[in-house]
Structures are given as structure tokens and as C-alpha cells.
Amino acid sequence: MIRKKKVQEVEWDPRDSMNEEMPGVEEVVTNKEERDQLRKAIDTLPDEQQRMICLFYFQGLSQREIAERCDIPLGTVKGRVRLALKKLREHLDEKGGTTDE
């Protein structure tokens, strides 16, 4: 004798669906332009600062992990990240690439 498995019914709740709307064309274009500006700004940094920014922000490593991976003191990592961020901010401000909203 084959037994049928009881199928558990689940009610759909509108909160289960994605509440976010898909970004519009304008938003997509703006995001791409901002990414391009940021990439150009990062390219102006010295190599060691570029590396710190990429490891910290894009690869998600902690400053301690960067220090270990690059075999440099933690204070050096912190200084390079801080200086790189300052230079990026200045570069983007010059180019009109940041908006404080």
C-alpha cells in the first residue's frame, strides 16, 4: 500500500516578495557613471594605496588581515587607507563626483 504524503499548505504573504523595485534606467546610468569616476580616482593613487583600498573595500579584508597578507605593520595599513581616502575625496570633489545628500 502506498501512502500519500500530506502536503503542507503555505499561504503567500506579500511581505515575502521583494519590496524593492527594479532600478530605473536613470539610476542605472548614474550608478555606472559614479563607479567610473571612482575607478578613475582610484587609478590616480600610488600603487600601495590602490592595493589597500582594493583589499579593504572590494575584497572585504580587515586592516589586520591586510597587514598580515602584505607583511607590513598595522599602523602602515591604517595610514595608507586614511591617506588614500583623503586623496579620493579630494579628487572626487574636484571632479564634482561626490554628492552629500
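Because the structure is predicted, anything quoted here is derived from the model rather than measured. Just so it is clear, the values below take in all heavy atoms, side chains as well, and ignore hydrogens, waters and symmetry mates.
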Output, in order, the C-alpha distance, side-chain angles, deciding distance and verdict of side-chain contact (heavy atoms from CB on, under 4.5 Å) for Cys70 and Leu55.
CA-CA 10 Å; Cys70 297; Leu55 291 171; 3.8 Å; yes
Could you please spell out the steps behind the side-chain contact (heavy atoms from CB on, under 4.5 Å) verdict for Lys86 and Glu90?
CA-CA 6 Å; Lys86 180 182 176 193; Glu90 289 170 357; 3.2 Å; yes
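- The CG atom of Leu38 sits 6.5 Å away from the CG atom of Leu88 when rounded to the nearest 0.5 Å.
- Expressed to the nearest 0.5 Å, how far CZ of Arg89 lies from CG of Leu85 amounts to 6.5 Å.
- The two residues Pro73 and Ala67 come nearest to each other via the heavy atoms C-CB, 4.1 Å.
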Report all side-chain donor-acceptor pairs from residues 40-53 shorter than 3.5 Å, counting only partners two or more places apart or in another chain.
| from | atom 1 | to | atom 2 | distance (Å) |
| --- | --- | --- | --- | --- |
| Asp43 | OD1 | Arg39 | NH1 | 3.3 |
| Thr44 | OG1 | Ala41 | O | 2.5 |
| Gln50 | NE2 | Ile42 | O | 3.4 |
| Gln50 | NE2 | Asp43 | O | 3.3 |
| Gln50 | NE2 | Leu45 | O | 2.8 |

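- Leu61 has its side chain out of reach of Phe56: every pair of non-hydrogen atoms, C-beta onward, lies at least 4.5 Å apart.
- Contacts classified as salt bridge (charged side-chain N to carboxylate O under 4.0 Å, His left out) and involving residues 54-80 (residues at least two apart or in different chains) are not found.
- Linking ILVMFWY residues whenever their side-chain heavy atoms come closer than 4.5 Å, directly or via other members, places Tyr57 and Leu92 in the same cluster.
- Legend: residues meeting side-chain contact (heavy atoms from CB on, under 4.5 Å) with Asn31, ordered by chain and number and at least two apart, are Glu27, Glu34, Arg35.
- Under a cut-off of 6.0 angstrom, the local environment of CD in Glu26 is sparse, with at most 12 non-hydrogen atoms contributed by other residues, nucleotides or ligands.
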